[in-house]
There are 2 protein chains.
Amino acid sequence: MPAAAYDIATARPDAAPEFSPRQQVVLQHALKLLVEGGEKALTTAGLARTASCSKESLYKWFGDRDGLLAAVVAYQASQVQFPSESGATADPDTFRAHVTAFVEALLGVLFSESSLALNRLSIGQSNTNSNKLGELLLVRGKHMISSRARTMLETGRRHALLKFDDADDAYQVLYGLAIRDVHIRLLLGETATAEVNNHADQAARAVDRFYRLFGA
Amino acid sequence: MPAAAYDIATARPDAAPEFSPRQQVVLQHALKLLVEGGEKALTTAGLARTASCSKESLYKWFGDRDGLLAAVVAYQASQVQFPSESGATADPDTFRAHVTAFVEALLGVLFSESSLALNRLSIGQSNTNSNKLGELLLVRGKHMISSRARTMLETGRRHALLKFDDADDAYQVLYGLAIRDVHIRLLLGETATAEVNNHADQAARAVDRFYRLFGA
DNA sequence: CCTCACCCGAACCGTACGGTACGGTTCGCC
DNA sequence: GGCGAACCGTACCGTACGGTTCGGGTGAGG
């Protein structure tokens, strides 16, 4: 349950059965260590101590330390869910509200401490060992989000609420308008201002500009 | 000389005298190791070997390993320069060309392998030891760039070429339109597509959209 | 009660790497 | 030529941490 509401309506079937409850608890402890102290702080001995399990179990469950890191990323990504678009989107106002809600959820996820910690971890490892983590985060996180966004935008286009040629291009603009350089600044350790944390306002402004570019 | 042209007209006086020529050569070797293998690949013994210097000298020059990393970031940031705006910007077309050139330079810097490696390094360390590196990269890199961008945009506003209330807000929009989520994807290890590497086209499209939002 | 699977806690091992010390060499300067 | 500063190469030390092994304990099933 990390900084993003769990939405039963959109839960993917592959999310739950991947790890046993006991393992999920351990993974949550691992995430906590990551958030607090970065990758260096997640040692096998330290995790075994804080999670009250044995190193032997860690290695049995996850293979090695890299497997543990991958498990943390995979598990956490599976926990992130977005509000479903729930059908009736022909009405312009409700559709725009849906887009705004999506952007707000995006900000909430990307700027959460757990997401930042996982991104920091994956980025830090991205050019060392075959880059398994970055790939995992991209495919289980960003790609899931972007594909959902594209279908949402295409729904808007189908109902003549938006106008664009390339859905991916339009999504990227929406992303850029919403995130700007805040993500990278937070990743670099800058502390978030109150303005940045006002996700509702930020989302509304981004959607406003997006509509000025792509509104029908 | 890393992926960004050196502009003699805009060289800051504090850039040159910080490190001796010999030290600069060593720092370039260090950057090369970082680009190739990430932070793990930059060991004091490894750097001493590839740069043909002694570990003793490394510790004399940079204090400890963290000091070495900070020196790499500081030195490399000092090497990044942008084309100067060089006065006559009253003409709408040349001003817009200046903005486009700025965006193109921004893309060239941020998407270069050396910049990515340094960002990965700083991000990876950002929640471990007092976050010296991230701060350094922000103040010596991003803030320099953004302040220059703001003055450029305000020049455009003064000449009634642009219209906005907050220069920083406008810059952030320009940044978001240009960078989108490409930066984070590259940081995570995704390989750049040909389209992404066409900085001229990307810059032109971003500036076009920027003008549709902020053009007078 | 026995067995077996699972797991905890702790001790242990090997190694990689940060940091230090030292002998030997080059080079500028008097 | 002699001196000292800077520096290279190498050997060395201490430690932290990944990974393994082992003894013991707990609980379900028979």
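Just so it is clear, the model here is predicted, and its values are computed rather than measured. Labels below follow one simple rule: chain letters A, B, ... track the order of the sequence lines, proteins then strands, and each chain is numbered from 1.
- Scored by the side-chain hydrogen bond (donor to acceptor under 3.5 Å, both in side chains) test, B/T100 finds no partners at all (sequence neighbours excluded).
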Practice problem: Start with the C-alpha gap between B/R65 and B/E39, add the side-chain angles, then the distance that decides, and say whether salt bridge (charged side-chain N to carboxylate O under 4.0 Å, His left out) holds. | Solution: CA-CA 11 Å; B/R65 186 171 182 270; B/E39 190 208 333; 3.2 Å; yes
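- Taking every nucleotide of DNA chain C with any atom under 4.0 Å from a non-hydrogen atom of chain B, the first and last of them, 5' to 3', are C/dC17 to C/dC22.
- Comparing B/R22 and A/A45 by the nucleotide of DNA chain D whose heavy atom lies nearest to each, the residue mapping closer to the 5' end is B/R22.
- With a 6.0 Å radius and a threshold of 12 heavy atoms from other residues, nucleotides or ligands, B/E135 has its CD atom at or below the threshold.
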Practice problem: Could you please spell out the steps behind the side-chain contact (heavy atoms from CB on, under 4.5 Å) verdict for B/V26 and B/W61? | Solution: CA-CA 11 Å; B/V26 171; B/W61 293 335; 3.8 Å; yes
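- Within a 6.0 Å radius of CG in A/D166, other residues, nucleotides and ligands contribute more than 12 heavy atoms.
- For residues 49-56 of chain B, proximity to DNA chain D is found at B/S52, B/C53, B/S54, B/E56, defined as any non-hydrogen atom under 4.0 angstrom from a strand atom.
- For the pair B/R150 and B/D168, the salt-bridge criterion is met [side-chain N within less than 4.0 Å of a carboxylate O].
- Residue pairs that meet the salt bridge (charged side-chain N to carboxylate O under 4.0 Å, His left out) test with at least one member in residues 171-182 of chain A, sequence neighbours left out, are A/R180-B/D169, A/D181-A/R185, A/D181-B/K142.
- Take B/N198 and apply the side-chain hydrogen bond (donor to acceptor under 3.5 Å, both in side chains) test, not counting sequence neighbours, and it matches B/D201.
- For the side-chain hydrogen bond (donor to acceptor under 3.5 Å, both in side chains) with A/Y75, the lone residue among A/E18, A/R140, A/Q28 that qualifies is A/Q28.
- Helix bend of the helix from C/dC1-D/dG30 to C/dC30-D/dG1: the angle between its two end axes, each built from five pairs, comes to 0° after rounding to 10°.
- Between B/L187 and B/R120 the shortest heavy-atom distance is O-NE, 3.0 Å.
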